Structures are given as structure tokens and as C-alpha cells.
Amino acid sequence: MNMTVERVSYLHENEINEFMNTIKHALRPDIERNALEIRRAVALVRNGATNSYRYAPSEGAVIATLLGVDSENVRLSFNKVDANCTCGYAGWCSHRIAVVFHLYSQHNSLSEWLHEWRRTESQQMALSISERTPDAWIDVLTRLTQPLRAIEVAENPGVFIHESSIIDQKATPLIPFEYEWKPLFELYYRLHVLDAGWTYVKGHLGGEPTSFFYGKWYVQNWLTEQLGKLNDSVNAIGAKPKLFEADAFHERVKSLVRTFALGNSGLFHERFQVYRLFWQQLFPFRAARDTELTILTNEESEEARIFIAFFHLIQGEHHELANLVTHVTATNVATWLPLAKLAENNDETKALSIIMHALLPFIGDYVSDSVSLSSRPAFVRDIDGLFEAADFSEELRESMFAQYGEPGIDVYADFLVERERFGEWAALMHRYGVSYDGAEAGGLKVALASDPSAVLPLLHTFAMGFIKEKNRHSYRRAVKLFKQMKTGSKKSGKADFWNQYIDTVREKNRRLRALMEEMEKGNLNL
């Protein structure tokens with residue numbers, strides 16, 4: 001017989017509560033498979049999938065049909081407190097749970113039950129973490145962050161961010177009460193979160209840099225936030241005297257950082273950033289660094305060699321660094337560049353020179369093969385800045401611009417303007433057809449003030465371009481350029497040339513009435 005869900009719930013309230021207790025003890029929130037079934041069941045209830053019930057009073061059972069992509073039938077036996085489902089799953093599947101949840105929610109708060117169920121996980125973890133040992137912290141944080149590892153790269157970034165926020169909420173009750181321990185726990189926690197989410201983050205950020213979608217921006221913000229919080233916790237620990245009991249935690253974190261930096265792949269710049277943050281801020285002592293160097297020498301990877309070079313750089317060991325850069329090839333330029341930038345930031349000119357001389361033969365090919373078109377102008381500016389900081393000769397720097405091609409125009413233009421080579425600057429603008437706005441932003445005003453005769457042909461080209469557009473706004477822009485050319489001609493002592501030039505322009509364009517009006521207003525003759 002058909003019966004409303006409210007009536008079934010009223011008649012079997014005690015049995016339903018017993019079902020709920022069975023679910024509570026059978027499924028653990030810290031086990032991802034169990035948590036997933038609960039989330040699916042809640043989604044089924046909220047989507048109204050459980051809306052058809054048939055009641056068999058003689059058997060003390062109810063049969064519910066769940067509508068969805070694959071419809072299933074669930075049979076709850078109140079006499080035996082047993083549940084069966086046509087999906088064939090042996091344990092508590094989301095369909096069985098959804099029916100129980102739906103019945104329970106008729107006279108109780110399902111949200112409160114879920115909150116209490118999830119709280120048991122925090123209580124269990126808090127009990128474990130209260131032991132205050134590195135192993136206890138690592139065990140709890142590994143279990144806490146496990147859901148991030150289970151998210152497939154193809155999953156929507158919103159799901160990843162939501163799961164991360166839930167983990168943040170679960171971590172709050174685990175934070176030690178003592179103020180002195182809070183930064184250290186935060187440090188351990190952020191390392192685990194980064195490591196757990198790395199595969200997903202790398203999958204979204206480690207591909208083609210030119211591809212953009214909202215989810216990528218979302219994930220990038222998440223990564224930036226995690227790195228910022230990790231940096232804050234490291235700085236907080238560095239500003240405090242270290243507790244004696246914390247020695248074991250500091251020792252263990254070395255292996256955690258090494259595992260994160262070398263055990264993951266992709267986004268090397270970010271992994272290198274994390275590694276050097278710890279070793280520059282928390283472990284400045286020579287003995288600890290020598291021990292780490294010994295461990296790294298046993299790692300057979302190119303990235304481990306970069307970390308070894310990092311220690312030689314910050315310790316001023318230039319001879320050892322020079323030996324390592326012999327391994328630079330066209331394929332590992334990207335992994336050496338973060339080290340070069342670190343040398344520049346630390347004003348280590350000698351070390352920077354060693355690295356950049358090793359990179360020099362491969363930069364041109366790297367720009368054309370590995371740097372996206374949209375990123376090349378910024379990359380060329382960075383590279384030229386590194387060459388300049390490394391005290392490379394101007395001749396060598398200038399020779400590199402031929403390898404950069406068009407993406408290096410802006411940087412080369414600045415290079416020429418700084419050296420007051422305005423004739424060559426104007427030729428560069430001509431050669432690559434740079435627009436007037438681009439030239440104005442790239443040194444035109446400086447060239448006009450210093451050597452106006454060198455840029456008059458360039459301004460003529462821009463003015464003729466504006467006139468061809470044949471609208472009053474463009475005519476006004478052309479007249480503005482003529483005024484600049486007039487000032488430059490006067491400054492260069494070429495009044496006769498200028499008057500002849502402007503008269504010729506008038507004669508050729510005398511049919512353009514609007515242009516003639518604007519030129520008349522401009523009073524262009526000397």
C-alpha cells in the first residue's frame with residue numbers, strides 16, 4: 001500500500017533512529033569512500049530523488065524508489081533493522097543512506113546530525129594530535145588532507161576549492177591552544193595541504209601558459225594563498241625563540257620539505273620557492289646545511305642538482321657552483337632560472353655571472369621553443385635584466401636582441417634610448433612598424449627633446465598614417481605631430497626645410513577640407 005513519507009517516519013521513529021546510529025558507527029568521516037557515500041546521499045535527498053514509497057505493514061518494511069540517472073529500489077526492513085538495494089553494493093550505499101536520511105529528516109534536523117557526525121572525526125583527530133609528536137601530527141594531517149588527493153584533475157575547480165575550505169574548517173579544532181605552537185602547526189598543515197593538492201594544481205597550472213579559463217585563475221589564487229600562509233608561518237617561527245620540545249618537529253620538517261620539493265613534479269619555480277624559504281629562514285646553520293647537502297648528493301635528479309647549487313650560492317661557494325653549471329643544457333634552462341633570479345635578489349653578482357654565462361648559449365632557442373608568444377616580451381625583459389645585473393658587456397647584451405626577435409623590441413628600444421642612439425631607435429620603430437602610441441610610450445618624447453632631427457622621418461610616417469584614416473580626430477592627431485616636427489625643425493635650425501615640407505603636405509592634401517581647417521588652426525609655418 002502507498003503511504004506518505006511523514007506517516008512512515010512517524011510509525012517507525014525508533015527504528016529509523018536505530019538505522020541512523022548504525023550508519024553513524026559504520027561510516028567514518030575520515031575515510032574518503034565513506035564520506036563520499038554520505039555526500040551523495042545528501043545530494044539525493046536535496047534533489048528530491050526519494051519521493052515514492054510503498055509500505056508493507058505485515059512485513060514491517062518500506063520500499064522506496066529513487067529517481068535519477070539510474071533508478072534504484074531500496075527496501076528497509078524495520079523488524080530486522082536491515083536494508084537492501086538493487087544497486088548491488090554490499091555495504092551502506094548512497095541509496096540506502098538517502099532513504100534513511102529522508103525518513104529521519106521528516107521529524108529531525110539532518111544538518112545537525114551531519115554536523116555531529118563530522119565532529120567525531122575532529123574529536124578523533126584532536127585526541128591523536130594532542131600527543132604532540134611529529135608522527136602524530138603527520139598521521140592526522142595526512143588523513144585530513146586525503147580528500148584533496150582523491151579529486152581528479154578533470155573535476156571542476158570549484159569542487160577542489162570547496163573541499164579545501166572544508167578541510168580548513170576541520171583543521172581549526174586541531175590547532176594547539178598554546179600560542180607558541182600555533183605557527184609550527186600551521187606550517188605542518190600548509191605543507192600537507194600543498195602536497196595533497198599538488199597533482200590537481202599542477203594539472204591546471206602546469207600546461208600551456210596562454211590557455212586561460214576562470215577555473216585556472218581560481219586555482220592560481222588558491223596556490224598563491226597557500227604559499228602566502230606558509231611564508232607567514234615560517235616568518236612567525238623565525239621571529240620567536242625555538243622551544244626545546246620543538247626540536248623534533250624542526251628536524252622532521254626538513255624531510256617533509258625535501259619530499260614536497262623533490263617528490264612532486266611541475267611548477268618548479270613554486271617548489272623551489274618553498275624549499276629555499278625553509279632553508280634560508282629556519283635553518284641558517286652550516287652543520288644542518290651540510291647534512292642536507294649530503295642527502296641531496298644521493299638523489300639522482302636534475303632538480304636535486306639545482307638545490308645543491310642553491311646551497312653553494314647562499315654560502316658563496318663559487319667554485320662548486322661553477323662545476324655544477326656545466327650540467328646546464330637547452331632542456332633544463334627553466335630549472336636554473338629561479339636560481340639566477342635568487343642570485344640577483346641577493347646581489348650575488350659573481351654567482352649570477354656564473355649561471356648566466358652557462359645559460360647564454362641556450363637562451364635564444366629557449367625563447368623560441370619554450371616561452372609562449374604572450375609571455376615573451378616580459379621574459380626578454382627579465383633575461384636582459386639578469387644579463388645587466390651580471391655585468392655582461394653591452395655588446396653581448398645587444399647581440400642577444402637579434403635572437404629574441406620581435407618580442408624584444410620594447411627592451412631593445414629602451415636599451416637604445418638609454419644610450420641616446422636615437423637614429424637607431426627610430427630605425428627600429430620603422431623596421432617593426434611600431435604604432436605611434438607604442439613609440440610614444442617607448443621613448444619618443446626623449447628622442448624629440450634630445451635629437452629631433454633623428455625622429456622627423458618617423459613622425460612623418462605616423463602623420464601620414466593618421467591622414468589616411470580620413471576623420472577629423474585623426475587629422476587633429478596629425479596636426480599635433482606636425483607641431484612636434486615644427487618644434488624639432490626649429491631646434492635643429494631647419495626652418496626653410498620645414499616650411500617647404502609643410503607646404504608640400506598642404507598641396508598634396510588640399511582636397512581634404514577638414515584637414516586644411518585643422519592645419520590652419522595649428523599655425524604650422526615657421
Side-chain angles (χ1 to χ4, degrees), residues 24-25 27-32 34-35 38 109 111-149 160-198 222-260 274 277-285 288:
K24 179 178 180 180
H25 292 99
L27 304 180
R28 289 178 51 182
D30 58 323
I31 297 177
E32 177 58 23
N34 294 170
I38 292 290
S109 172
S111 297
E112 289 183 5
W113 185 92
L114 289 169
H115 177 73
E116 183 66 25
W117 178 72
R118 293 187 180 116
R119 197 157 66 92
T120 60
E121 176 189 15
S122 298
Q123 290 172 341
Q124 293 169 358
M125 290 186 174
L127 183 63
S128 299
I129 213 161
S130 64
E131 298 175 19
R132 193 168 290 168
T133 64
D135 287 337
W137 282 19
I138 291 171
D139 175 64
V140 167
L141 293 176
T142 299
R143 285 191 285 132
L144 178 64
T145 58
Q146 182 61 32
L148 287 183
R149 299 185 187 277
F160 177 82
I161 302 300
H162 176 68
E163 193 67 58
S164 178
S165 66
I166 291 176
I167 291 172
D168 281 346
Q169 294 171 17
K170 291 180 179 179
T172 301
L174 308 179
I175 299 174
F177 292 107
E178 298 87 349
Y179 182 76
E180 297 83 356
W181 287 92
K182 290 180 185 292
L184 189 57
F185 179 81
E186 174 73 6
L187 182 149
Y188 266 68
Y189 173 60
R190 293 301 162 189
L191 270 178
H192 277 80
V193 169
L194 277 170
D195 191 63
W198 197 257
W222 180 89
L223 178 59
T224 301
E225 180 184 10
Q226 301 305 317
L227 293 175
K229 289 180 177 179
L230 184 64
N231 184 76
D232 291 343
S233 63
V234 168
N235 289 333
I237 292 172
K240 294 178 172 34
K242 190 168 67 173
L243 298 168
F244 174 75
E245 299 99 314
D247 286 347
F249 290 88
H250 281 256
E251 193 62 32
R252 189 63 177 275
V253 84
K254 296 175 184 175
S255 63
L256 290 178
V257 173
R258 188 186 319 114
T259 300
F260 168 75
V274 171
L277 171 67
F278 279 82
W279 281 99
Q280 286 188 292
Q281 301 293 331
L282 293 186
F283 310 117
F285 304 110

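Fair warning: this is a prediction, and the values are worked out from it, not measured in the lab.
Residue W222 comes nearest to S164 through the heavy atom pair NE1-OG, 2.9 Å, listed as atom of the first residue, atom of the second, then distance. The minimum heavy-atom distance between P176 and W181, with the atom names listed, is CB-CB, 3.8 Å. Of all the heavy atoms in P147 and E163, the pair that sits closest is CB-OE2, 3.7 Å. Of all the heavy atoms in A35 and W117, the pair that sits closest is CA-CH2, 4.1 Å. Summarising the geometry of L174 relative to L144, their closest heavy-atom pair is CD1-CD2, 4.0 Å, with the distance given to 0.1 Å. Between T145 and I167, the shortest heavy-atom contact is CA-CD1, 4.0 Å.
With rounding to the nearest 0.5 angstrom, the CD1 atom of I237 is 5.5 Å from the NE2 atom of H250. Taken from CG in L187 to CG in D232, the straight-line distance is 11.0 Å, to the nearest 0.5 Å. Rounding to the nearest 0.5 Å gives a distance of 10.5 Å between CZ of R132 and CZ of F185. With values rounded to the nearest 0.5 angstrom, F260 atom CZ is found 7.5 Å from L191 atom CG. Interatomic distance, T142 OG1 to H192 NE2, rounded to the nearest 0.5 Å: 3.5 Å. Q281 CD to N231 CG: the interatomic distance, rounded to the nearest 0.5 Å, is 7.5 Å.
Classification of the F283-W279 ring pair by plane angle, with boundaries at 30° and 60°, yields tilted. Note: W137 and F249 have tilted aromatic rings, judged against thresholds of 30 and 60 degrees for the angle between ring planes.
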Please lay out, stage by stage, how L194 and L223 fare under the test side-chain contact (heavy atoms from CB on, under 4.5 Å). CA-CA 8 Å; L194 277 170; L223 178 59; 3.7 Å; yes

Decide yes or no on side-chain contact (heavy atoms from CB on, under 4.5 Å) for K229 and Y189, but give the supporting numbers first. CA-CA 10 Å; K229 289 180 177 179; Y189 173 60; over 6 Å; no

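Counting heavy atoms from C-beta outward, D135 and R252 have side chains that approach closer than 4.5 Å.
The local environment of CD in E112 is sparse, with at most 12 non-hydrogen atoms from other residues, nucleotides or ligands closer than 6.0 Å.
Partners of D168 by salt bridge (Lys or Arg N to Asp or Glu O under 4.0 Å), not counting sequence neighbours, listed by chain and number: R190.
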